[in-house]
Amino acid sequence: MATVTAPRRAATPQIRQTQLFIDGQWVPAKSGKTFETINPATEEVIAQVAEGDAADVELAVRAARKAFDEGPWPRMDARERGRIMMRLCDLIEAEIDELAALESLDNGKPVSDARTGDIPLALDALRYYAGWADKIHGQTIPINGNYFCYTRREPVGVAGQVIPWNFPILMVAWKWGPALAAGCTIVMKPAEQTPLTALRMARLAQKAGVPDGVINVVPGFGPTAGAAIVKHPGIDKVAFTGSGETAQIIMRQAADQLKRLTFELGGKSPNIVFADADLAAAAAGAHVGIYLNQGQCCCAGSRLFVEDKIHGEFVERVVEQSKKRRVGDPFDPGTQQGPQVDRAQFDKIMGYIESGKAEGATCAAGGRRVGDRGFFIEPTVFTNVKDEMKIAREEIFGPVLSVLKFSDMEELIRRANATTFGLAAAVWTRDIARAHEVAKRLRAGTVWVNCYDVFDAAAPFGGFKQSGFGRELGERGLDPYLETKTVTVSLDPRGA
Ligand code: NAP
Ligand code: MG
């Protein structure tokens, strides 16, 4: 049974940045207000953070606008931009233990995950896009007539970036990487639950030589600071990761100015296990697929489809592994699962667990709170789940797996696709033709075959359907930060 060990104080990192970062300065909010950020493992307050709102966003947009319209960043040699981004990565790497501890303290994720997962992936993304900085260029196009036609790829302008709390540093990297490489400037709002590491990253960016005004970070709340970013006419493009509900609000608010939008939203991703799969590998994949990051992953494999022939045996493996998962102090190197990020998420997840029980699913593992301090939840497996149950349809964003049984391929594809989401999917089989067939027919932005949660900065990530639009990472991830300009030059000596 899962236990909670007492958090170790010795690992507590220093909190250095708690103010807004605007135009290269650390400043309090104009209103003078602050808000608390808490440690979800202990429910104790970590720090008071300046609470930005529309007045502060105004200053941040002015700084970003000036840095874009007049400053050196979009004008400098592209290779120099890449060098500065590489320098930022070196500084992150030099502070990796401190950053991992800060991330763990604010978010609750095991420090070992932050140290070996989140931050290396963040470095991967930033370095990958640093490499792109001097490789962004247009084409020459042979149009009809006596013309020389070419395209230029130019930065879209000031990017407003609103990010969630589940992977704070990684989201900073995924957002800053392509924006900086393209020559854009940035106004970012981190999530209210996890503002600390975005502020530390801003400090490192400044040290690396990113000019003042290029990156501005305004912690605060969604409906105030976030909405002000979305509505501000000085922002050219909004990149958002979070819930579909918030994305709808943002789309409506951005409509007036036809702002460019990219959204990376939630999912209810099918993880499909055929009877011929390597069952040990598939069970390990099912485990990681749902429980990584306390289940707070947009691409969590939360619908586990298991072929009927192996259902009993496979569920046994999954349940056994769930019961062995070590839940506890995020600073204990042996911990695999920390607390959920806050009380609201904890309550929401416990509500889904209750609804699963009430709708008649079988709770085969977990289902309860762990301990009485901090937002810890047992790794939970529901069997006998029906497609129409809430736990099979809605994004839970917690350590709760729904197991569904299937018997035939056509039925499987139909059920796997019967969701408004389309972020990710996985299929486990030794039959190579079937693997490709399923990969082709699933309506999802990412399909993993015989693996799960494999990310690489070079591979695009994003959603079909209501899981979002636009792609992050890879070459496609640059597109939202670039405009294409077509230049047509008459080669007629009379200048026609
Ligand atoms: P959320 O409200 O969508 O929050 C994401 C970000 O948007 C936060 O920075 C938030 O600010 C901001 N925001 C909220 N309202 C806004 C508005 N009107 N205008 C501009 N920005 C706004 O998500 P949540 O409430 O934290 O979590 C709710 C659910 O969303 C989760 O249970 C999960 O299902 C889903 N979610 C998905 C992802 C993902 O990676 N796709 C990440 C997180 C959550 P605040 O700090 O004030 O909230
Ligand atoms: Mg919120």
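Residues: numbered from 1 along the sequence shown. Ligands are counted one by one from 1 in listed order, and the atoms in each one are counted from 1 as well.
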Ligand 1 atoms in contact with [X] (distance to a heavy atom under 4.0 Å):
X: C298; answer: 39 (C), 40 (O), 41 (N)
X: F221; answer: 47 (O)
X: A227; answer: 19 (N), 20 (C)
X: E264; answer: 41 (N)
X: V162; answer: 6 (C), 7 (O), 9 (O), 12 (C), 21 (N)

For this session: Give the contacting part of F167 toward ligand 1: side chain, backbone, both or neither, where contact means a heavy-atom distance below 4.0 Å.
Result: neither
For this session: Ignoring angles and geometry beyond distance, decide whether Q345 reaches within less than 3.5 Å of ligand 1 through its nitrogen or oxygen atoms.
Result: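 Yes; the residue has a nitrogen or oxygen that sits under 3.5 Å from a nitrogen or oxygen of the ligand.
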For this session: Using distance alone, determine whether L265 and ligand 1 share an N or O pair under 3.5 Å.
Result: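 In this structure, L265 places an N or O atom under 3.5 Å from an N or O of ligand 1.
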Exercise. With a 4.0 Å cut-off, would you call R415 and D387 a salt bridge?
Worked result: yes
For this session: Using a strict cut-off of less than 4.0 Å between a Lys/Arg side-chain nitrogen and an Asp/Glu carboxylate oxygen, indicate whether E43 and R343 qualify as a salt bridge.
Result: yes
For this session: Report yes if some heavy atom in the side chain of F167 is under 4.5 Å from a heavy atom in the side chain of C297; otherwise report no.
Result: yes
Exercise. Are C299 and F455 close enough that some pair of their side-chain heavy atoms sits under 4.5 Å apart?
Worked result: yes
Just to be sure I'm reading this right: ignoring hydrogens, which of [options] gets closest to [atom]? Compare them by their nearest heavy atoms.
atom: atom 29 (C) of ligand 1; options: E192, E395, K348; value: K348
atom: atom 9 (O) of ligand 1; options: I163, I396, T241; value: I163
atom: atom 43 (C) of ligand 1; options: A254, G463, C297, P164; value: P164

Exercise. Cation-pi between K237 and Y481: NZ/CZ under 6.0 Å from ring centre and within 45° of the ring axis?
Worked result: yes
Exercise. Do K465 and F421 meet the cation-pi criteria used here (NZ or CZ under 6.0 Å from the six-membered ring centre, within 45° of the axis)?
Worked result: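 No.
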Exercise. Are the aromatic ring centres of F35 and F221 under 6.0 angstrom apart?
Worked result: yes
Problem set entry | Atom CZ of R393: over 12 foreign heavy atoms under 6.0 Å | yes
